[in-house]
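These figures come from a predicted structure and were not determined experimentally. Whatever order the structure lists ligands and atoms in, that order sets their numbers, starting from 1.
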Amino acid sequence: MTVIAVGGWHHETNTFAPTPATYEAFTRDGGRPALCRGEAMLAALQGFNLPAAGFIDTALAQGHEVRPLLWCEATPSAAVTRDAYERISAMLIEDLEGLMASGRPPEALYLDLHGAMVAEHLDDGEGEFLSRVRRVVGDAMPLVASLDLHANVTAAMVEQVDALVAYRTYPHVDRRETGERAAGVMDSLLTGGRKPDKAFRQIPFLIPLTWQCTMVEPMASVYSALAEGEGGDVLTASVLAGFPLTDIPDCGPSVVAYGHDAVAVEGLADRLTVAILEREEAFDGKFYAPDEAVEYAMARSAEAKGPIIFADTQDNPGAGGNADTVGILDALVRHRAHGAVLGVMCDAEVAAAAHAAGEGAEITASLGAKSGQSGHTPLTGKYRVERLGDGRFTARGPMYRGFRMRLGPMALLNLDGVRIVVASAKQQAADKEMFRHLGVEPADVKILALKSSVHFRNDFTDVAHEILVVEAPGPSIADPAKLPFKRLRPGLRIKPKGKPLGE
Ligand SMILES: [Zn+2]
């Protein structure tokens, strides 16, 4: 039995986003536990699909003793403020020093990290934090960290940690499982007695988020190659798709591998790197302009078996969008795409007006663009109120199963034959119940536009005839080549088949 200290700290930094993550952002309970510390951390994490929860349960089942430090996460945003970074780092270090000075100091350490955290004063949030941790625990202590699939892995992170273990799914349905795998790796490090050999490769091009989905090619077969390559002398390996909205030198996909045979470890890292490089062209998926997507879908919808789905990726509330842009809606209305449905549009004002008017009424409304982003205007017209709902329902899809949704007053509106699901709270459209709540069966819709990038694929792939990624104006830029990067490392291509910065 070994005493293992456990802590966690997550932030996914989009350096192009407008708002930084303050200390307060880590203390908010946003559907996940708020900042928790000491014994309270164990209760707070219980039952969550989080790596730390999976690690703790597995380590206890293996007969180890767990000592909680601190766990926190903030919603993806611009860089973590210097104040927040230094305060949280100091708290974690203080807790770790406290344990080290106790009667039964930890003999191993597990950290549940994201891997794409940038602070105002630091490019490599995790690398710096891990260096500070190493100074407290010493080089000999086994240290395992789990990472999000979107981690931008740096040499410092690889150097400080004995084994990095990342998610293998996007949408991330295996967070807990990743913690369980990390506990397995920790257990074998504790019994193996010697530090593992490591391999680390950085891929020379950024992969847009929409083409990182592990449910479809080209990523699906890369992850199959990963699963087949492990075992024998390779203890664990990870493929990290990287978070492409981060303007730092180490932005981008990477591969790590660990084991007790340097040749086997390097060999697998090379094979996985080649697997990604060979698929470069397939990672360069098509982004449709709104008009192009509507014309394409209208020409095919009569014969389509199931809806042609549009991913309104640049207004995805899961990546900084506000679910209130109208670029796709405007194109559907102009092209008279009768029977098309779009959701979930966030507009509390229009939902309230629809409720005041009642089902069957017609209201003149200016829908969308309520978050005040520059360059966006609402779509004004006469909307018929087809159906009303209180926004209270239970999600049933794989991503949100069991979540009790509270989206406030909801309305199904009809503008010239195009129907819009409107809610009062912003919510990524990743569950069919969001439509069924207002009487719309997604499988029966010919053209279905969803405010989501990738997560919707979990619940909607089974009915989709085809999925188009649509690049309507919005804050969450999908094509990395359109971002104003300045600081990427030399030679890194800003998209698959793209050019390096400055060329
Ligand atoms: Zn992620």
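- Residue H150 approaches the Zn ion (ligand 1) most closely through its N/O/S atom ND1.
- The residue from K426, K370, K451 that alone fulfils the side chain to side chain donor-acceptor pair (under 3.5 Å) condition with N322 is K426.
- A cation-pi geometry, defined here as NZ or CZ lying under 6.0 Å from the six-membered ring centre and within 45° of its normal, does not hold between R168 and Y223.
- A cation-pi contact, defined as under 6.0 Å to the ring centre and within 45° of the axis, links K286 to Y288.
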Worked check of side chain to side chain donor-acceptor pair (under 3.5 Å) between H10 and D112: CA-CA 8 Å; H10 281 243; D112 169 12; 2.6 Å; yes
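- Look at H114 and the Zn ion (ligand 1): no N/O/S atom of the residue is under 2.8 Å from the metal.
- The closest approach of D148 to the Zn ion (ligand 1), by N/O/S atoms, is made by OD1.
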